[in-house]
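Keep in mind it's a predicted model, so treat the numbers as computed, not measured. Note: hydrogens, waters and symmetry copies are ignored here, and every other heavy atom, side chains too, is used.
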Number of protein chains: 2
Amino acid sequence: MAMMAAKRCESGVCGHCVQPCVLGTLSSGLRLDLRDFPELKERHLARGDYLFHTSGSFESLYAVRSGMLKVTVLTEDGREQITGFFLPGDLVGLDSVGLRHHASSAAALDDTVVCELPFSVLERHGQSVPRIQAALFRMLSGQIRREQSTLLLLGSLRAEERLAQFLIDMSERAHTDADCGTAIGMPMTREEIGSYLGLKLETVSRTLSKLHREGVIEVIKRGVRIRELNKLRLLAGLSVRKPAPSALRRLGH
Amino acid sequence: MAMMAAKRCESGVCGHCVQPCVLGTLSSGLRLDLRDFPELKERHLARGDYLFHTSGSFESLYAVRSGMLKVTVLTEDGREQITGFFLPGDLVGLDSVGLRHHASSAAALDDTVVCELPFSVLERHGQSVPRIQAALFRMLSGQIRREQSTLLLLGSLRAEERLAQFLIDMSERAHTDADCGTAIGMPMTREEIGSYLGLKLETVSRTLSKLHREGVIEVIKRGVRIRELNKLRLLAGLSVRKPAPSALRRLGH
DNA sequence: CGTACAATTGAAACCAGTCAACCATTGTGG
DNA sequence: CCACAATGGTTGACTGGTTTCAATTGTACG
């Protein structure tokens, strides 16, 4: 029933992204399978396009299929801060559930494809299918936990530690064939990284330069390659486990 | 069927907390009414008692009825940070939904009473009652939004602005008969405030002293009274709406 | 009453922010 | 095709807010 979808989201393995195209990479266990939603629409965004704006009416969640999104919130005095970067497999819009209008904005940092999931449909399916209700609960709480980690980062880490953790987090989430040398695509600007990490763009630039100078990473214009993961983990204040059980969960099923 | 509950949570208005004893003060609209759950147990905590520990098995959410809780998460290297303070009307434990073990710890900052809401029961009711499923969704996303606000605070505000916003937030959430002069009970230590705000305890102390010196607030051992809400809002970088609905006439300005 | 804990305050060190100059890349229009 | 502007990135010098270290006072509880 999924393969009949023509210009629609296919289930199973995506064409251009390696990981299986399901929702919720947030927690282990059951995931929400797109096969449960035959009437899904895709949306294609060019770099800079907005997926939704703050105060726009909330209708849907969006599953990122390729590319990258930034989600921003506004302060009362007009400044904006990035609260998260969303990669393929992530679900965007969870912070607006239960509201009539979006609590945040989402913009593409790169050419990006998303699947639109009308929330009313999710709600309806959740009502009749316990597995779906549970999956939605899990994704919502997973988002809470991810933000808690960011709270920890912003609350107690220094610039270098923040950057190191950020790079590790991005590299773990970018399931882009992690074997090929742990290179991460980073389409966002220094200022956007800084906005997310609570740092100024100069500090981000300086710190990346320092990590580069020390041979821990390699900075290639809009990308980063991790050369010494263990050193990076050390700088991030993380334990230096796993000598090399490489990404073996690739095609898990 | 609610009034038959003896040592159980009553519905309607609480004895010692003023606000109606419903779950979810997070967003407007429908709320989750305790009358829907006849089999609820109360738990009484003394100052310092833990409601649950990180890695303890997750079974229930808890609705705070009186007192105050702090929720903490652990870094990999053992330090702990407070991710939130929970007041009467708040729901604790949402960050662990979908997990077998708690993602955080919760401890009482004061003598505290909570209602235990077994999550399996909530899930079951959510399955059959759309209103309850929606209420759970709303509470989960509300928690996301609250943490987003904290991200904003940690990411871009200076110490004085953080404290000012914190005091305003606490005073708005402490629905303790807000008329009686806007005095807030603050059972937590300076260090705990600092942990939440990403500041050291000395900075918290210094900043509170400064606000006191300037006549904006009054610091009474473990409590704070806001004397000049508008000045405080100014320092917090918030708009200075509502010139003087009620507070001013009482203070005889 | 004394111990332990919390809070306050001061002085010095330090990390990140600010201001500013310069370089690299990209895209635009003459 | 080149000149040019615009944007993003890098780096340096300086400033300043927070942290750190330390000493003192205040408060709660046995």
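Contact record, B/R65 with B/C115: CD-SG, 3.1 Å, taken as the closest heavy-atom pair. In terms of heavy-atom proximity, A/R233 sits nearest to A/E172 at NH1-OE2, 3.9 Å. A pairwise comparison of heavy atoms in B/M170 and B/L87 identifies CE-CD1, 4.1 Å as the closest pair. Nearest approach of A/L151 to B/Q81, heavy atoms of both residues: O-NE2, 3.1 Å. Shown here for A/R227 and A/G215, the closest heavy-atom pair between the two residues is CB-O, 3.6 Å.
A/G194 comes within 4.0 angstrom of nothing in the nucleic acid, heavy atoms only. Note on B/R47: nothing from the nucleic acid sits closer than 4.0 angstrom, heavy atoms only.
In this structure, the NZ atom of B/K210 is 14 Å from the P atom of C/dT9, given to the nearest Å. The nearest whole Å value for the distance from the CD1 atom in B/I193 to the P atom in C/dA6 is 13 Å. Per the geometry, CG belonging to A/L154 stands 13 Å off P belonging to C/dA16, to the nearest Å. Protein atom CE of B/M186 is 14 Å distant from nucleotide atom C1' of C/dA6, rounded to whole Å. Between the NZ atom of B/K200 and the C1' atom of C/dA13 there is a distance of 15 Å, rounded to whole Å. B/L199 places its CG atom 15 Å from the P atom of C/dA7, with the value rounded to the nearest Å. Atoms CG (B/L208) and P (C/dA7) sit 10 Å apart, rounded to a whole Å. Distance B/K221 NZ to C/dT8 P: 14 Å, rounded to the nearest Å.
Listed pair B/S209 / C/dT9 meets the phosphate criterion, a side-chain N or O lying under 4.0 Å from OP1 or OP2. Under 4.0 angstrom from either OP1 or OP2 of C/dT8 there lies at least one side-chain N or O belonging to B/R190.
A donor-acceptor contact closer than 3.5 angstrom is absent between the side chains of B/E214 and B/H212.
Ion pairing of B/R146 with B/D90 is present here, as a side-chain N (NZ or NE/NH1/NH2) and a carboxylate O approach within less than 4.0 Å.
Within residues 155-169 of chain A, the residues approached by DNA chain C to less than 4.0 Å at the level of any non-hydrogen atom are A/R158, A/A159, in residue-number order.
A residue-by-residue look at B/T189 and B/R206 shows that B/T189 has its nearest nucleotide of DNA chain C further toward the 5' end.
Taking every nucleotide of DNA chain D with any atom under 4.0 Å from a non-hydrogen atom of chain A, the first and last of them, 5' to 3', are D/dG8 to D/dA13.
The closest side-chain heavy-atom distance from A/I184 to A/I226 is below 4.5 Å.
When atom types are taken as modelled, the side chain of A/R162 and the backbone of A/L154 share a donor-acceptor pair closer than 3.5 angstrom.
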